[in-house]
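The next block holds one structure in the form of structure tokens; read it before the comments.
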Amino acid sequence: MIPVSLAALDFAKMWPYRKIFINGLFNTLQLTILALLIGLALGLLLALVKVIKVPWLSLFARFYTSVFRGTPLLVQIFLIYFGAKQIVGFNVNAFSSALVALSLNSAAYISEILRGGIQAVSIGQTEAARSLGFNYRQSFFYVVLPQGLKSVLPAMVNEAISLLKDTSLVSTVGMMDLMRAGMTAQGGTYLAFEPFIIVAIVYYILVMILTNFSNKLERNLNKSK
């Protein structure tokens, strides 16, 4: 026997918190987009370092990737948010610390995605470019890199989905994201199911939008092949 029926749910009590949910949604999207852009830039740089194989740079890139992929994201957020004052001597606000942690973490995963895409390009492509008079740098940036990026686009969208869901962790440092909005509504109404089912639905809608975009992108890429 279910102790509380669905009919007993009172979503009307969530209406006064609509602006908080909207603000949380805006902050979540803003954080996701900025972290993805920064992570993409850093990830591309790390991938290039790994592929070019300059010994000490390549070692640093591999070490960086292993650290951020081998430790929990929540720990990384805490280290930046709580540790910055101890190490640097000044407070870092919740948004800045969350952005730094998510960007650095995403860069590690993106670098591996890009590295795999670049190395998956046939060596024959480089040889064909060199036979046409391209030097190594031109062959890489005009022939190999574009093909590598094209092949990993669906994987990049999947990384964006993971990043979007990972933003829920920033609520632990007090940032007003979607998860924090749900926690605020819960604290004000003493209702647990209603606010978090709203949060879950919003996340689900966002993820489905990105998933459909990824599927459409993958179909287009298969057609182009």
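In what follows, every heavy atom counts, from backbone to side chain, and hydrogens, waters and symmetry copies are set aside.
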Residues 58-68 side chain polar contacts: donor-acceptor under 3.5 Å, at least two apart:
{"from": "S58", "atom 1": "OG", "to": "R62", "atom 2": "NH1", "distance (Å)": "2.7"}
{"from": "Y64", "atom 1": "OH", "to": "L104", "atom 2": "O", "distance (Å)": "2.8"}
{"from": "T65", "atom 1": "OG1", "to": "K50", "atom 2": "NZ", "distance (Å)": "2.8"}
{"from": "T65", "atom 1": "OG1", "to": "A61", "atom 2": "O", "distance (Å)": "2.9"}
{"from": "S66", "atom 1": "OG", "to": "R62", "atom 2": "O", "distance (Å)": "3.4"}
{"from": "S66", "atom 1": "OG", "to": "F63", "atom 2": "O", "distance (Å)": "2.7"}

Given the rule in the side chain to side chain contact (heavy atoms under 4.5 Å, CB included) test, do L40 and M156 qualify, once you have shown the distances and angles that lead to the verdict?
CA-CA 9 Å; L40 179 60; M156 290 297 298; 3.5 Å; yes

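- Annotation: the span from L210 atom CG to K165 atom NZ amounts to 10.5 Å, rounded to 0.5 Å.
- Considering only heavy atoms from C-beta on, N158 stays 4.5 Å or farther from T211 through its side chain.
- I80 and Y109 end up in different hydrophobic clusters when Ile, Leu, Val, Met, Phe, Trp and Tyr side chains are linked at under 4.5 Å.
- The nearest pair of heavy atoms linking S111 to L46 is CB-CB, 3.6 Å.
- A side chain to side chain donor-acceptor pair (under 3.5 Å) check over residues 94-105, counting only residues at least two apart or in different chains, returns the pairs Q76-N105, N93-S96.
- Cluster annotation: I113 and L44 are assigned to the same hydrophobic cluster (Ile/Leu/Val/Met/Phe/Trp/Tyr, side-chain heavy-atom contacts under 4.5 Å, transitive).
- Contact between S168 and D177 at its shortest, heavy atoms only, is CA-OD2, 3.5 Å.
- Evaluation of the ring pair (Phe, Tyr, Trp, His ring centres under 6.0 Å) test over residues 15-42, restricted to residues two or more places apart or in two chains, returns none.
- Rounding to the nearest 0.5 Å gives a distance of 13.5 Å between CD1 of I209 and OG of S214.
- Y81 and V75 are members of different hydrophobic clusters when ILVMFWY side chains are connected at heavy-atom separations under 4.5 Å.
- When all heavy atoms of A35 and L99 are compared, the closest pair comes out as N-CD1, 3.6 Å.
- Contact detail for E159 and S106: the closest heavy-atom pair is OE2-OG, 3.2 Å.
- Between Y203 and T167, the closest side-chain pair of non-hydrogen atoms falls below 4.5 Å.
- Atom CG of N27 and atom CE of M176 lie 8.5 Å apart (nearest 0.5 Å).
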All N/O donor-acceptor pairs, side-chain side in residues 181-191, below 3.5 Å, sequence neighbours left out:
{"from": "T184", "atom 1": "OG1", "to": "R180", "atom 2": "O", "distance (Å)": "2.9"}
{"from": "T189", "atom 1": "OG1", "to": "A185", "atom 2": "O", "distance (Å)": "2.7"}
{"from": "T189", "atom 1": "OG1", "to": "L191", "atom 2": "N", "distance (Å)": "3.3"}

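- To the nearest 0.5 Å, atom CD1 of residue I87 and atom CG of residue L79 are 9.5 Å apart.
- Taking both residues in full, the closest heavy atoms of R115 and V51 are given as CG-CG2, 4.2 Å, listed atom of the first, atom of the second, then distance.
- If you take CD1 on I110 and CG on L45, they are separated by 12.5 Å, rounding to the nearest 0.5 Å.
- The hydrophobic clustering, which links ILVMFWY residues whose side-chain heavy atoms are closer than 4.5 Å, places I205 and L178 together.
- There is a path of hydrophobic side-chain contacts, each under 4.5 Å, that joins F95 to L102.
- Shown here for L114 and A47, the closest heavy-atom pair between the two residues is CB-CB, 3.7 Å.
- Residue F213 places its CZ atom among 12 or fewer non-hydrogen atoms of other residues, nucleotides or ligands, all under 6.0 Å distant.
- Sorted pairs that involve residues 27-42 and meet salt bridge (charged side-chain N to carboxylate O under 4.0 Å, His left out), not counting sequence neighbours, are lacking altogether.
- Hydrophobic clustering, defined by side-chain heavy atoms of Ile, Leu, Val, Met, Phe, Trp and Tyr closer than 4.5 Å, groups L37 together with I33.
- Separation of atoms CG (L206) and CG (L29) is listed at 5.5 Å; rounding is to 0.5 Å.
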